Engineer: 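Sharing a structure here in structure tokens format.
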Amino acid sequence: MPDIMETIEARDPGEKEFHQAVHEVVESVKPVLDSHPEYRYNKILERLVEPERVIMFRVPWMDDRGEPHINRGFRIEMNSAIGPYKGGLRFHPSVTLSILKFLAFEQVFKNALTSLPLGGGKGGSDFDPKGKSDNEVMRFCQSFMAELYRHIGPDTDVPAGDIGVGAREIGYLFGMYKRLRNEFTGVLTGKSLNWGGSLIRPEATGYGCVYFAAEMLQSRGQSLAGRRCLVSGSGNVAQFTVEKIIALGGTVLTLSDSSGYIFDEEGIDEEKLTFVKTLKNVRRGRIEEYADAYPQAVYTPANPDTANPLWQHKAEVAFPCATQNEIDTDDARHLIAGGVQMVVEGANMPTVPEGITLLVESGLLFAPGKAANAGGVAVSGLEMAQNSMRLRWPMAEVEDRLRMIMKNIHASCLDAAAQYGKPGNYVAGANIAGFIKVVDAMLDQGLV
Ligand code: NDP
Ligand code: 2IT
């Protein structure tokens, strides 16, 4: 029988991000397969790597000057063993089938770790919202939903945001779905508060990531207080990661976007964070402006030919919160040399596999995205629960549940890692715990 990696490399040539995500899980679960012959007999891996359904469609839209544009839309319905497909939509020019399949694949295990009834999916488009007017974004979202609405529903598939999809886009998408279906349901999460959104959903990924980091430290008798932190990105996940680090007494030194990064040795405080939120969410400007507003900060433009200097600063904790494969092997070496003791992934798959190996072998604590950033989809699950009940929980209740979920994910990772001979290895633990939950549900439900 061919090896599963050979199978997908032959079947989906060129899908390198998808292969990368699958390879990590396959390596982690080898000891599980060895002790559960029924998984191999039932071709569980072969079933997991094949999406239940892939939808690809044309998205035509017209810009403000009347010129038509054609983008490509996708939804990957990866696995529904434990609940309706659930996962974000990404609008970014780099979006391909491979990127969305890797994200959908990771989402399956992440969602299982939340302990909520959520299957895994992901979608999006190669549309670039940067530089577009609100009206152009609205027309794009309406055209995207004019096809997507056939495939989703509150009990079928519930999309949310990801890179390039925030409250504005979710609003336009929801409006079009409601118009086409003539129903007001919890078909999307990340909705605004006054029409069905959950308190703490915007904050959830970043807050959850910092709670996870705090759990890792606490289990070793330490805390975030006084720790210097490097954060990349400056979007949804980065902003609320910074907010919670400040609340827990840490110091954040950096933020970035695709054009460059800022280093503020005095630390990013609440006032500076408010500036960043307005800059990014309202004015949709570039992080470079931070250094104009706060002259002690140093801005360095991105240079794709060199290692990212953001990861060269001395610090104790690193939170990559921008995008996949943003920490390469050189960056990993710089993190180790800079004294970083812990890397906690806010983004999905931000560290290249060889980078993870270097970090883990150096003795650093490493939390993979599918565990550390699961707070976002977890509160999406809580938004679905509130929508089904047609009521809204208070902020403290949602945040308490989020904190508890992150604590439980942390414990599940450590338990699974210890049980399968990899004590303290969060990558193995997250993959194994998520995997067992999903594949047992698949076996219960027969060959479907
Ligand atoms: P946003 O669109 O709000 O922000 C993305 C940030 O990352 C921006 O600063 C952006 O810079 C930067 N970035 C994006 N793509 C690239 C790139 N190719 N190269 C360099 N920088 C880039 O997205 P989110 O904060 O929501 O998402 C960030 C990460 O977190 C992603 O990996 C996403 O999958 C993951 N995630 C998001 C969740 C959520 O709830 N939103 C939940 C769990 C994970 P620029 O503006 O210049 O493009
Ligand atoms: O990667 C992710 O977990 C997300 N983008 C959030 C998905 C969701 O459904 O809230």
Side-chain angles (χ1 to χ4, degrees), residues 17 83-95 99-100 102-111 113-114 116 118-124 128-131 152 157-170 186-191 197-198 200-209 231-242 255-262 276-277 279-281 284-288 302 304 308 310 319-327 345-351 368-384:
E17 294 85 4
Y85 309 107
K86 181 84 195 88
L89 296 171
R90 176 176 293 191
F91 293 170
H92 193 273
S94 63
V95 162
I99 296 272
L100 295 179
F102 114 65
L103 288 163
F105 186 74
E106 295 243 307
Q107 199 81 44
V108 172
F109 307 100
K110 181 198 305 193
N111 293 2
L113 288 171
T114 66
L116 299 171
L118 302 169
K122 202 86 187 188
D128 186 359
K130 262 198 216 98
I152 63 175
D157 184 355
V158 183
D162 193 80
I163 291 178
V165 178
R168 172 182 62 170
E169 290 74 17
I170 294 292
V187 66
L188 293 161
T189 60
K191 300 184 290 299
S198 174
I200 301 291
R201 176 62 189 91
E203 294 86 350
T205 311
Y207 280 18
C209 188
V231 177
S232 65
S234 51
N236 172 270
V237 179
Q239 291 168 21
F240 291 103
T241 295
V242 174
L255 278 173
S256 68
D257 61 23
S258 54
S259 311
Y261 86 100
I262 57 100
V276 172
K277 286 183 183 170
L279 172 69
K280 285 290 169 186
N281 311 344
R284 299 183 192 275
R286 309 306 298 159
I287 200 68
E288 182 174 8
N308 185 350
L310 188 157
F319 291 93
C321 296
T323 194
Q324 64 277 349
N325 293 330
E326 57 171 308
I327 296 183
E345 294 188 331
N348 286 309
M349 208 168 78
T351 315
K370 61 169 85 66
N373 73 33
V377 74
V379 175
S380 278
L382 302 180
E383 183 170 326
M384 289 164 69

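Only a predicted model underlies this, so the values are computations on that prediction, with no experimental measurement involved. Whatever order the structure lists ligands and atoms in, that order sets their numbers, starting from 1. Residue numbers run from 1 in the order of the sequence given.
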Engineer: Which of the atoms of ligand 2 are close to Lys110, meaning less than 4.0 Å from one of its heavy atoms?
Structural biologist: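 That gives atoms 1 (O), 2 (C), 3 (O) of ligand 2.
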
Engineer: Check ligand 2 against Gly88 and write out every atom of the ligand that is under 4.0 Å from a heavy-atom position of the residue.
Structural biologist: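 Matching atoms, with element in brackets: 7 (C).
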
Engineer: Determine, using heavy atoms of Ser94 and all atoms of ligand 1, whether some pair is separated by less than 4.0 Å.
Structural biologist: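 No, that is not the case, since the closest heavy atom of the residue is not under 4.0 Å from the ligand.
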
Engineer: What I want to know is whether Gln324 and ligand 1 share at least one N or O pair that is separated by under 3.5 angstrom.
Structural biologist: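 Between Gln324 and ligand 1 (N or O atoms, distance only) the closest approach is not under 3.5 Å.
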
Engineer: If we count only non-hydrogen protein atoms and require a distance under 4.0 Å, does atom 10 (C) of ligand 1 qualify as touching the protein?
Structural biologist: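 When distances to the protein are checked, atom 10 (C) of ligand 1 has no heavy atom within 4.0 Å.
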
Engineer: N/O to N/O below 3.5 Å, does that happen between Lys110 and ligand 1?
Structural biologist: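 The answer is no, given that Lys110 and ligand 1 share no N or O pair closer than 3.5 Å.
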
Engineer: Kindly compute the distance separating CD (Gln239) from NZ (Lys277), expressed to the nearest 0.5 Å.
Structural biologist: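 Result: 6.5 Å between the selected atoms.
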
Engineer: Output the list of atoms in ligand 2 that are nearer than 4.0 Å to some heavy atom of Lys122, sorted by atom number.
Structural biologist: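 Listed by number with element: 1 (O), 2 (C), 4 (C), 5 (N).
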
Engineer: Are any of the N/O atoms on Asn373, whether in the backbone or the side chain, positioned under 3.5 angstrom from an N/O atom of ligand 1?
Structural biologist: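 Between Asn373 and ligand 1 (N or O atoms, distance only) the closest approach is not under 3.5 Å.
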
Engineer: Taking only heavy atoms of Arg90, which atoms of ligand 1 are found under 4.0 Å from at least one of them?
Structural biologist: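 Under 4.0 Å from Arg90, ligand 1 has these atoms: 31 (C), 32 (O), 33 (C), 34 (O).
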
Engineer: Please report which non-hydrogen protein atom sits nearest to atom 10 (O) of ligand 2, along with the residue it belongs to and the distance in Å to one decimal place.
Structural biologist: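 Nearest protein contact, heavy atoms only, for atom 10 (O) of ligand 2 is Ser380 OG, 2.5 Å.
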
Engineer: For Lys86 and Asp157, which heavy atoms make the closest approach, and how far apart are they?
Structural biologist: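 Lys86 and Asp157 have their closest heavy atoms at N-OD1, 4.4 Å.
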
Engineer: Could you check atom 39 (C) of ligand 1 against the protein and tell me its nearest heavy-atom contact, residue, atom and distance included?
Structural biologist: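 Of the protein heavy atoms, Thr205 OG1, 3.4 Å lies nearest.
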
Engineer: For atom 29 (C) of ligand 1, grab the closest protein heavy atom and report residue, atom and distance to one decimal in Å.
Structural biologist: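 Ranking protein heavy atoms by distance from atom 29 (C) of ligand 1, first comes Ala322 O, 3.2 Å.
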
Engineer: Among all protein heavy atoms, pick out the one at the shortest distance from atom 9 (O) of ligand 2; state its residue, atom name and that distance to 0.1 Å.
Structural biologist: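 Closest protein heavy atom to atom 9 (O) of ligand 2: Lys86 NZ, 2.7 Å.
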
Engineer: Against ligand 1, does Gln239 come closer than 4.0 Å with any heavy atom?
Structural biologist: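 Judged by the 4.0 Å heavy-atom criterion, Gln239 does not count as contacting ligand 1.
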
Engineer: Indicate yes or no: does an N/O atom of Ser258 lie under 3.5 Å from an N/O atom of ligand 1?
Structural biologist: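 Yes - when backbone and side-chain N and O of Ser258 are compared with those of ligand 1, one distance drops under 3.5 Å.
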
Engineer: Any N/O of Ser259 closer than 3.5 Å to an N/O of ligand 1?
Structural biologist: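 N/O-N/O distance below 3.5 Å does not exist for this pair.
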
Engineer: Give the atoms of ligand 2, by number and element, whose distance to some non-hydrogen atom of Gly87 is under 4.0 Å.
Structural biologist: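 In order of number, 7 (C), 9 (O).
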
Engineer: Within less than 4.0 angstrom of ligand 1, does Ser234 place any heavy atom?
Structural biologist: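 Yes.
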
Engineer: Give yes or no for whether the N/O distance cutoff of 3.5 Å, strictly under, is met between Val237 and ligand 1.
Structural biologist: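 Between Val237 and ligand 1 (N or O atoms, distance only) the closest approach is under 3.5 Å.
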
Engineer: Atom OG in Ser198, atom CE in Met384: separation rounded to 0.5 Å?
Structural biologist: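 Taking OG in Ser198 and CE in Met384, the distance rounds to 12.5 Å.
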
Engineer: Mark up the atoms of ligand 1 that fall under 4.0 Å of a heavy atom belonging to Gly233, in ascending order.
Structural biologist: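 In order of numbering, the contacting atoms are 9 (O).
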
Engineer: Tell me if a side-chain donor or acceptor on Gln324 pairs with a main-chain N or O of Pro350 at a distance below 3.5 Å.
Structural biologist: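 Pair absent, no side-chain N/O of Gln324 close to backbone of Pro350.
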
Engineer: Taking only non-hydrogen atoms of Arg201, do any sit less than 4.0 angstrom from ligand 1?
Structural biologist: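 In this structure, Arg201 qualifies as a contact of ligand 1 - some heavy atom is under 4.0 Å.
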
Engineer: Quick one: nearest non-hydrogen protein atom to atom 4 (O) of ligand 1, plus distance?
Structural biologist: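 It is Gly235 CA, 3.3 Å.
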
Engineer: Report the part of His92 (side chain from C-beta onward, or backbone N, CA, C, O) that has a heavy atom under 4.0 Å from ligand 1; answer both or neither where that applies.
Structural biologist: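 For His92, the contact with ligand 1 is made by the side chain alone.
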
Engineer: Tell me: protein heavy atom nearest atom 23 (O) of ligand 1, and distance?
Structural biologist: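 Result: Ile163 CA, 3.4 Å.
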
Engineer: Give the atom numbers and elements of ligand 2 that come within less than 4.0 Å of a heavy atom of Gly161.
Structural biologist: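 Answer, ordered by atom number: 4 (C), 5 (N), 6 (C).
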
Engineer: State the CD1-OG1 distance between Ile200 and Thr205, to the nearest 0.5 angstrom.
Structural biologist: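 Going from the CD1 atom of Ile200 to the OG1 atom of Thr205 covers 11.5 Å.
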
Engineer: Do any nitrogen or oxygen atoms of Asn373 lie less than 3.5 angstrom from nitrogen or oxygen atoms of ligand 2?
Structural biologist: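 The answer is no, given that Asn373 and ligand 2 share no N or O pair closer than 3.5 Å.
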
Engineer: Under 3.5 Å, N or O to N or O, is Gly164 touching ligand 1 that way?
Structural biologist: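 There is such a contact, yes.
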
Engineer: I'd like to check which ligand 1 atoms, numbered from 1 as shown, lie under 4.0 Å from a non-hydrogen atom of Ala347.
Structural biologist: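 Taking each heavy atom of Ala347 in turn, ligand 1 has 29 (C), 30 (O), 32 (O), 35 (C) under 4.0 Å.
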
Engineer: Considering all heavy atoms of both residues, which atom of Gly233 and which atom of Leu255 are nearest to each other, and what is their separation?
Structural biologist: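 For Gly233 and Leu255, the tightest heavy-atom pair comes out as O-CD2, 3.1 Å.
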
Engineer: Could you grab the distance from atom NZ of Lys130 to atom CZ of Arg284, nearest 0.5 Å is fine?
Structural biologist: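 One finds 11.5 Å between NZ of Lys130 and CZ of Arg284.
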
Engineer: Which part of Asn348 is near ligand 1, with near meaning a heavy atom under 4.0 Å away: side chain, backbone, both or neither?
Structural biologist: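 It is both backbone and side chain that touch ligand 1.
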
Engineer: Tell me, with the steps shown, if Ser232 and Glu326 meet side-chain hydrogen bond (donor to acceptor under 3.5 Å, both in side chains).
Structural biologist: CA-CA 9 Å; Ser232 65; Glu326 57 171 308; 2.7 Å; yes

Engineer: Working to the nearest 0.5 angstrom, can you tell me the gap between Asp162 CG and Leu100 CG?
Structural biologist: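 Reported value, rounded in 0.5 Å steps: 9.0 Å.
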
Engineer: What atoms in ligand 1 come closer than 4.0 Å to a heavy atom of Cys321?
Structural biologist: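 Once the distances to Cys321 are compared, the set is 28 (C), 29 (C).
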
Engineer: Is the shortest side-chain heavy-atom distance between Lys370 and Gln107 below 4.5 Å?
Structural biologist: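 No, too far: nothing below the 4.5 Å cut-off.
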
Engineer: Below 4.0 angstrom from a heavy atom of Lys130, which ligand 1 atoms are there? Numbered from 1 as shown, please.
Structural biologist: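 Listed by number with element, the hits are 45 (P), 46 (O), 47 (O), 48 (O).
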
Engineer: Can a non-hydrogen atom of Arg201 be found less than 4.0 Å from any atom of ligand 2?
Structural biologist: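 For ligand 2, residue contact (heavy atoms, under 4.0 Å) with Arg201 is present.
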
Engineer: Considering only protein heavy atoms, which is closest to atom 16 (C) of ligand 1, and at what distance to one decimal place?
Structural biologist: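 Nearest protein contact, heavy atoms only, for atom 16 (C) of ligand 1 is Thr323 CG2, 3.7 Å.
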
Engineer: Between Ser256 and ligand 1, find which residue part has any heavy-atom pair under 4.0 Å and reply side chain, backbone, both or neither.
Structural biologist: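 It is the backbone that touches ligand 1; the side chain stays farther off.
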
Engineer: Starting from atom 41 (N) of ligand 1, what is the nearest protein heavy atom, named by residue and atom, and what distance separates them?
Structural biologist: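 It is Asn236 OD1, 3.7 Å.
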
Engineer: What atoms of ligand 2 come closer than 4.0 angstrom to any heavy atom of Ala160?
Structural biologist: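 Here the atoms of ligand 2 in question are 8 (C), 9 (O), 10 (O).
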
Engineer: Less than 3.5 Å between some nitrogen or oxygen of Asp162 and one of ligand 1, yes or no?
Structural biologist: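 Asp162 vs ligand 1: N/O contact under 3.5 Å present.
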
Engineer: For the atom pair CG (Leu103) and CG (Leu89), what is the distance rounded to the nearest 0.5 Å?
Structural biologist: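 Those atoms lie 11.0 Å apart.
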
Engineer: Please check this pair: side chain of Asp257 against backbone of Ile287, looking for a donor-acceptor N/O pair closer than 3.5 Å.
Structural biologist: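 Yes, the answer is positive, given that a donor and an acceptor are paired below the 3.5 Å cut-off.
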
Engineer: Could you tell me whether Ser232 approaches ligand 1 through its side chain, its backbone, both or neither, with non-hydrogen atoms closer than 4.0 Å?
Structural biologist: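 The answer is neither.
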
Engineer: With heavy-atom distances below 4.0 Å as the criterion, list the atoms of ligand 1 near Arg286.
Structural biologist: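 Under 4.0 Å from Arg286, ligand 1 has these atoms: 45 (P), 46 (O), 47 (O).
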
